[in-house]
J.: 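Following this message is one structure expressed as structure tokens.
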Amino acid sequence: MQPLPKKYKFNEIEQKWQQIWEDMGIYHFNWNDTTKPVFSIDTPPPYPSGEFHMGNILNWTYFDMLARYKRMRGFNVLFPQGWDCHGLSIEVQVEKMHKIRKHDIPPDKFRSLCEQLIEKYIALMKESILKLGCSIDWTTEYRTMDSDYWRRTQLSFILLHKKGYMYQGKHPVNWCPRCETAIADAEVDYEKRKSSLSYIRFPLKNSSKYLIIATSRPEFIPACVAVEVNPKDERFSKYIGKEIVVPIVNRTVKIIADKAVDPDFGTGVVMICTFGDKEDVKTVMKHKLPIIRIITDDGKINKKGGKYSGLKINQARIAIVEDLSKEGLLEKEEKLSHEVGVCDRCKTHIEILEVKQWFMKTRILTNDVIKTANEVVWYPEYMKTRLIDWAKSLDWDWVISRQRVFATPIPVWYCKDCNQTIVAEEKWVPIDPKLTDPLIEKCPKCGSKAFVPEKDVFDTWMDSSITCAVHAGWPDRADWKRLFPADVHPSGIDIIRTWAYYLMVRHLALFNQTPYKSCLINGMVLGSDGRKMSKSLKNYVAAPDVLGKYGSDATRQWAAAGGATGSDIPFRWPDVEYGRRFLVKLWNVSKFANRLLQDFAPNKKSQLELQILDKWVLSKLANLTQKVTQAMENSQFNVALEEIRTFTWHVLCDSYVEAVKDRLYRPEIHGESQKEAAQHTLFNVLYKVLKFLCPIIPHLTEEIYQAMFADFKKHKSLSLASWPQSIPNFIDEEIENNGDMIIALITEVRREKAEKRLPLNAPIKTLTIYTKDSRTTEIFKEGAFDISGTCKVENLKVLAKKGRGKPVTDYPEVQFKTEL
RNA sequence: GGUCGGUUAGCUCAGUUGGUUAGAGCGUACGGCUUACAUCCGUAAGGUCGCAGGUUCGAAUCCUGCACCGACCA
């Protein structure tokens, strides 16, 4: 047993073990081991934003606690790590950083700028993940921007195309005019914006009368295809079916009725333009109205906008309102504050445009998604509603093509002559159609030898929604189904509708199987003020600051204990501070045990004479084992940690250690066998406490284990030891009650000393305990030397008769008297 | 606007299937440097569990309504 130094330096210890663990390779998934059951974690590859925030800390601590716990439970654990590189956000940053637009330089050059920035960001984030001490298998590390990952994304597309899930079609999509790309529903944010509501006169055909429509988008007047009222609105029912003239363009459209119109909004008369918003799309489809597109990809008015063509949307709006005003058709303008859809990457007001895009048929899977979601185990359970509600709410199929650069290319060409679509064959991938022609001689339909590449790329979720299969080894390993479905998919509450959903539809479509057996949801990290953590609210705390100041073990305790799984968790410095204090406590009790166990041989099989408090603490430990194991099984990390901390601090340190000190210090008085019993108990209890804490506090527990236990237990690392077994036979309720009674008496004596303003080590000449019967007397006699040792009693008397002493709280039948 | 969650000690939060006197940390008061630990130990004060009803022998826990806070989403 190595002695422990007086102080422990977390930064040295943590760094040391992180390096050793990595060198030992103990966290690698063992592909050759078929004896152990496997446990696979579908680690979400993070988007390399360059900043590891407290939310990431929470996530990775969850993943890591789970991985370490499962390893100790005897599983061969797969804990992979990838990086979800592609996406608009990085492109926007590159554009800003280099003051360019995506078209200004060749695509491969643009890509490489993105790659450089991503690599920089990955390095920063990886540093924090390493510092957190995650037991990741780094041999699995991958980047979705690597061509080897393209291969998987493209292959999955090809397979789904064969199965009929992928199609190209013209359909209205959310369009970001700044990024010049289609975006999915999941990428649309909503923000409150100030705008104005224009009241405009629309003359009725062949009449001097007019209706006043209210619109927030007057610039869309050239695209107006109908005017709409509520059928129950008596003010306007007589006009339904009549014709009305659209000002500016002087086109005649019909007045139609639809109950979607809110009679209380504006004037109760609205214009339908193709397309102002999603509601317009529904109306246009329902009433089979013509489609007039007046917006270009980059957010300008096109030729159909007549004299306004070439103007930006905002400019056109001003011009049109001005013209209306000149013609006397503008009734009034009102200020309006309303929610508008914006691009979640650049916050530009999105438009709805009808564009040719690639789609995946996701809605035909909705029933399967619901059924599967119900079969998945959710932590916490109520989270599954979010996935189901989202799946049900989807109006459109998933648009998977993007008009961007930094993403996986869509492996498709078109015949230059007959426009035949040529989808790559499985063997061709990875392939960039912009750089390579299809690997066929001629067009299978018309024989032409000229091809046009698909310039669009995939939505980044196309990459990341196959992680469950990819982590398992698909498509390269024959035995990938061993690790599929993933045992757990951990996910933030905010990405259930994207990650959890897309994973579900992709894998259901590809393999007709759920991608994950369980879904562990973490909440959002809030600022100390209980509001969402953000820099603008000035409640932002950077993760590297916390790790730098307190180290990983303390920070991880905040993550574990912060709140129930799935609930939002505020960041609280005092929680981290408490975590650190617990580490100091654990260190000190280990130091104490270390000193008093120097002459202890744990493997010596001598007859042990366990005393009542030894049995008491062992029974409490057995109880703890049950509670902690159950909590860990249910991913209730907060419950597990609280139980262990309370036991360690109060049961082990405050009660047990204090009570047995005298036995350990003075074997010449109490006997060598009494000392051995305490040593044995202390050794075993501390070892198990370290094991319980290992998944949450991996570094310090390892440090203590290596110094004190490794010689006897022979594991290379504590994280390779097995989780303590829960043995109900070790729980002895009677022993616990008896021990509790002894502890209550000790507390009572302390209270008396406190009341008399005496120090705790003030000697007591005689302590007399009066009990009601001989059984109780026996109990106190058994615990006599622990009581007198703790309370510094010189002469302890236990009498089976009523005395006039002070009763012990909770045990009125026990009384005591002290003589100083 | 929709969905979900929350409201328990001065503060931040636990409280599994209803069951003795509702717990913890921080903070507060008082005492103590006791051969692990003053980053500690001991003792104490502090709660009609958001409000109003209901079910029950019994409710922080189940049901209904209301109020407020928040997250996610449209």
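Convention: sequence-line order gives letters A, B, ...; per-chain numbering from 1. Just the heavy atoms: all of them, side chains too, but no hydrogens, waters or symmetry mates, feed the values below.
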J.: Of the nucleotides B/G42, B/C37, B/U43, which one has an atom closest to the side chain of A/D654?
T.: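 Output: B/G42.
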J.: Looking only at side-chain atoms of A/R497, point me to the closest of B/A74, B/A71, B/C37.
T.: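 From the listed options, B/A74 comes nearest.
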J.: Is A/R581 salt-bridged to A/E577, going by a charged N under 4.0 Å from an acidic O?
T.: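 No, no charged N to carboxylate O under 4.0 Å.
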J.: Of the nucleotides B/C73, B/U34, B/U3, which one has an atom closest to the side chain of A/N761?
T.: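 In terms of side-chain proximity for A/N761, the closest of B/C73, B/U34, B/U3 is B/U34.
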J.: So what does A/K392 touch, heavy atoms closer than 4.0 Å: a base, only the sugar-phosphate, or nothing?
T.: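 No contact.
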J.: Establish, from distance only, whether the side-chain atoms of A/K585 and A/N588 form a donor-acceptor pair under 3.5 Å.
T.: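 A/N588 and A/K585 do not have a side-chain donor-acceptor pair below 3.5 Å.
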J.: For the pair A/E642 and A/K627, find out whether any cationic side-chain nitrogen is under 4.0 Å from an anionic carboxylate oxygen.
T.: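 Between A/K627 and A/E642 there is no salt bridge, as every charged N stays at least 4.0 Å from the carboxylate O atoms.
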J.: In whole angstrom, give me the gap between the C1' atoms of B/A59 and B/U8.
T.: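 It works out to 14 Å between them.
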J.: Just by distance, no angles: are the side chains of A/Q679 and A/D599 close enough, under 3.5 Å, to form a donor-acceptor pair?
T.: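 On atom types as modelled, these side chains qualify, holding a pair under 3.5 Å.
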J.: Given the P atoms of B/U55 and B/C63, what is the spacing between them in whole Å?
T.: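 About 15 Å, rounded to a whole number of Å.
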J.: Please report the distance separating the P of B/G19 from the corresponding atom of B/G25, rounded so that it comes out in whole Å.
T.: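 Pairwise P distance, B/G19 against B/G25, rounds to 23 Å.
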J.: Would you say the side chain of A/Y501 lies within less than 4.5 Å of the side chain of A/T362, judging by non-hydrogen atoms?
T.: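 Result yes, sub-4.5 Å side-chain heavy-atom pair found.
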J.: Between B/G53 and B/G46, how far is it from one C1' atom to the other, in whole Å?
T.: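 Those two atoms are separated by 30 Å.
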J.: Considering only B/C72, B/C41, B/U43, which nucleotide approaches the side chain of A/M524 most closely?
T.: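 Selected nucleotide: B/C72.
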J.: If every non-hydrogen atom of A/A559 is compared with every non-hydrogen atom of A/L58, which pair is closest and at what distance?
T.: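 So the two residues come closest at O-CD1, 3.6 Å.
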J.: Considering the options A/R663, A/K620, A/K675, which one meets the salt bridge (charged side-chain N to carboxylate O under 4.0 Å, His left out) requirement together with A/D614?
T.: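 Per the salt bridge (charged side-chain N to carboxylate O under 4.0 Å, His left out) rule, the option paired with A/D614 is A/R663, out of A/R663, A/K620, A/K675.
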J.: Taking only residues two or more places apart in sequence, or in another chain, which ones meet A/W175 in a ring-ring contact (aromatic ring centres under 6.0 Å, His included)?
T.: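 Per chain and number, A/W175 pairs via ring-ring contact (aromatic ring centres under 6.0 Å, His included) with no residue.
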J.: Nearest to the side chain of A/R595, heavy atoms from C-beta on, is which of B/C73, B/C37, B/U35?
T.: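 Among B/C73, B/C37, B/U35, the one nearest the side chain of A/R595 is B/U35.
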J.: Give the rounded distance in Å between these two atoms: CD1 of A/I521 and C1' of B/A71.
T.: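 Atom CD1 in A/I521 sits about 14 Å away from atom C1' in B/A71.
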J.: Can you check the distance between B/U20 and B/U3, where both ends of the measurement are the C1' atom (answer in whole Å)?
T.: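 The answer is 40 Å between these two C1' atoms.
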J.: Just call it for A/K792: base, sugar-phosphate, or nothing, with non-hydrogen atoms closer than 4.0 Å on any strand.
T.: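 Nothing, no nucleic acid heavy atom in range.
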J.: Side-chain N or O of A/K756 less than 4.0 angstrom from OP1 or OP2 on B/G31?
T.: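 A/K756 to B/G31 OP1/OP2: no side-chain N or O under 4.0 Å.
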J.: In whole angstrom, give me the gap between the C1' atoms of B/G5 and B/G23.
T.: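 Between the two C1' atoms, the distance is 22 Å.
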J.: Give the nucleotide from the list B/A71, B/U35, B/C41 with an atom nearest to the side chain of A/R386.
T.: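 Closest of the options to the side chain of A/R386: B/A71.
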J.: State, without any angle test, whether A/Y379 and A/Q636 hold a side-chain donor-acceptor pair at a distance under 3.5 Å.
T.: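 Result is no, nothing qualifies.
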J.: Once Watson-Crick and G-U wobble pairs under 3.5 Å are found, how is RNA chain B written in dot-bracket notation, 5' to 3', with | for any base paired to another strand?
T.: (((((((..((((.....[...)))).(((((.......))))).....(((((..]....)))))))))))).
J.: Distance between the C1' atoms of B/C66 and B/G10, in whole angstroms?
T.: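 Pairwise C1' distance, B/C66 against B/G10, rounds to 28 Å.
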J.: Quick one, give me the B/S/- string for nucleotides 10-26 of chain B, reading 5' to 3', where B means a protein heavy atom under 4.0 Å from the base and S means that only happens at the primed atoms, P, OP1 or OP2.
T.: --SSS------B---SS
J.: If you look at every strand shown and take non-hydrogen atoms under 4.0 Å, does A/T747 touch a base, only sugar-phosphate, or nothing?
T.: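 Sugar-phosphate: the residue A/T747, judged by heavy atoms under 4.0 Å, touches backbone atoms but no base.
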J.: For A/K9, I'd like to know if atom NZ has over 12 heavy atoms of other residues, nucleotides or ligands within 6.0 Å.
T.: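 No, not enclosed.
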J.: Please classify the nucleic acid contact of A/K591 as base, sugar-phosphate, or nothing, using heavy-atom distances under 4.0 Å.
T.: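 Result for A/K591 = sugar-phosphate.
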J.: A/T385 has a side chain; which of B/C37, B/U35, B/C4 sits nearest to it?
T.: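 The listed nucleotide nearest to A/T385's side chain is B/C4.
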